[in-house]
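None of the values given here were measured: they were computed from a predicted structure. Computation of the quantities below employed the complete heavy-atom set of this structure, encompassing side-chain atoms and omitting hydrogens, waters and symmetry-equivalent molecules.
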Amino acid sequence: GVDSFPFDALQGQTLTCSRGVSGELIGEWVFAQMLAAAKGLPDVFLDQPPADWSRPDFRVGTLRGATVVILGMGGIGSEVARLSLALDMNVIGVRRRGTDAPHPGMTVVNDIATVIGEADHVVVAAPSTPDTQGMFETELFAKMKPGVHFCNIARGTLVDQDALRAALERSQERARTLAQSEAAATREATTGTPSRCALLTLPLTPAPQRSGATDSRIREKSGRSCGT
């Protein structure tokens, strides 16, 4: 995606949009992150024999019955909701106005602060606008339950990076689950101040997702949607 475009450079040429085309792949990526968080991946992988094969400190969870709160009901958020419903998750969507749900069996609200305390997984898939920039700040992070998995697939500007770091450092459990996919939030932060770049040093920070640009079938679909 882009935040701005030099329309005057088009000189009368037609500009097309493939909005929503990558929703399937990115939705799958988000769902994979939630499943990894629930199943303790990659902690379950071994690179050498453990001292105790019973691994009493290791706990494997499940997505079934867990609650996911999804901010943004566009192509990506809707796909994450669909996949989550298929695994019997409790799905709560958050959109700016209206309560129409893209899928039966889910709930839609307008204020994330009223439901974020219920979430086992929080997925951010909203656009960056003056209203959403910095909305994930200290007060909102404080409403989240310990051990919540925070997945930002949107622009990093939606998240107060210092507030995120403070939330990650409050407890090791929250750091491990929140950091599962917070790298997406640091795509812009990596060119910012040293304190923001330090997010990349936290435990279990994966590489930023590139799923929306890696599948030939999606590129084909994009070409068809643009009429090429």
Trainee: What is the minimum heavy-atom distance between A154 and A126, and which atoms define it?
Mentor: CB-O, 3.1 Å

Trainee: Looking only at heavy atoms, what is the nearest atom pair of A125 and I76, with distance?
Mentor: CB-CG2, 4.2 Å

Trainee: Taking salt bridge (Lys or Arg N to Asp or Glu O under 4.0 Å) as the definition, give me every residue that meets it alongside R82, ordered by chain and number, with sequence neighbours left out.
Mentor: E79

Trainee: Between T67 (side chain only) and M89 (backbone N and O only), is there a donor and an acceptor less than 3.5 Å apart?
Mentor: no

Trainee: Any side-chain heavy atom of F31 within less than 4.5 Å of one from C151?
Mentor: no

Trainee: Quick one: does T132's side chain have a donor or acceptor within less than 3.5 Å of a partner on T129's backbone?
Mentor: yes

Trainee: Taking all atoms of both residues into account, what is the closest heavy-atom pair of V94 and V115, and its distance?
Mentor: CG2-CG2, 4.3 Å

Trainee: Does any N or O in the side chain of Q133 come within less than 3.5 Å of the main-chain N or O of V159, such that one atom is a donor and the other an acceptor?
Mentor: no

Trainee: Nearest 0.5 Å, what's the CD-CG distance between E24 and L83?
Mentor: 9.5 Å

Trainee: Would you say I112 and L140 make side-chain contact, with heavy atoms under 4.5 Å?
Mentor: yes

Trainee: Show me the pairs that pass ring-ring contact (aromatic ring centres under 6.0 Å, His included) and involve residues 66-101, at least two apart or across chains.
Mentor: none

Trainee: Counting C-beta onward and ignoring hydrogens, is there a side-chain heavy-atom pair between H121 and S84 closer than 4.5 Å?
Mentor: no

Trainee: Please check if the side chain of N110 supplies one atom and the backbone of G98 the other of a donor-acceptor pair under 3.5 Å.
Mentor: yes

Trainee: When rounded to the nearest 0.5 angstrom, what distance separates CD in Q161 from CG in L168?
Mentor: 10.0 Å

Trainee: Kindly give the heavy-atom pair with the smallest separation between G105 and L85, and that separation in Å.
Mentor: O-CD2, 3.6 Å

Trainee: Can a donor-acceptor pair be found, under 3.5 Å and without considering hydrogens, that links the side chain of K39 to the backbone of T62?
Mentor: no

Trainee: Quick check for you: to the nearest 0.5 Å, what is the distance between L87 atom CG and L63 atom CG?
Mentor: 5.5 Å

Trainee: Please examine the side chains of L71 and V123, heavy atoms only from C-beta on, and report whether any two atoms are closer than 4.5 Å.
Mentor: no

Trainee: Step by step, would you call D160 with M135 a side chain to side chain contact (heavy atoms under 4.5 Å, CB included)?
Mentor: CA-CA 7 Å; D160 182 321; M135 69 178 297; over 6 Å; no

Trainee: Contact between V122 and V148 at the side-chain level, heavy atoms closer than 4.5 Å - yes or no?
Mentor: yes

Trainee: Are I70 and V91 close enough that some pair of their side-chain heavy atoms sits under 4.5 Å apart?
Mentor: yes

Trainee: In Å, rounded to the nearest 0.5 Å, how long is the span from CD1 of I116 to CZ of F136?
Mentor: 5.0 Å

Trainee: Is there side-chain contact between D120 and H149, with at least one heavy-atom pair below 4.5 Å?
Mentor: no

Trainee: N90 side chain to G65 main-chain N or O, any donor-acceptor pair under 3.5 Å?
Mentor: no

Trainee: Compare every heavy atom of M73 with every heavy atom of G93, then report the nearest pair and how far apart it is.
Mentor: CA-CE, 3.9 Å

Trainee: If you round to the nearest 0.5 Å, how far is CG of L158 from CD1 of I153?
Mentor: 12.0 Å

Trainee: Evaluate the side-chain proximity of M106 to I92: yes if any heavy-atom separation is below 4.5 Å, no if none is.
Mentor: no

Trainee: So, using side-chain contact (heavy atoms from CB on, under 4.5 Å) as the criterion, who are the partners of T138 when residues are at least two apart?
Mentor: A163

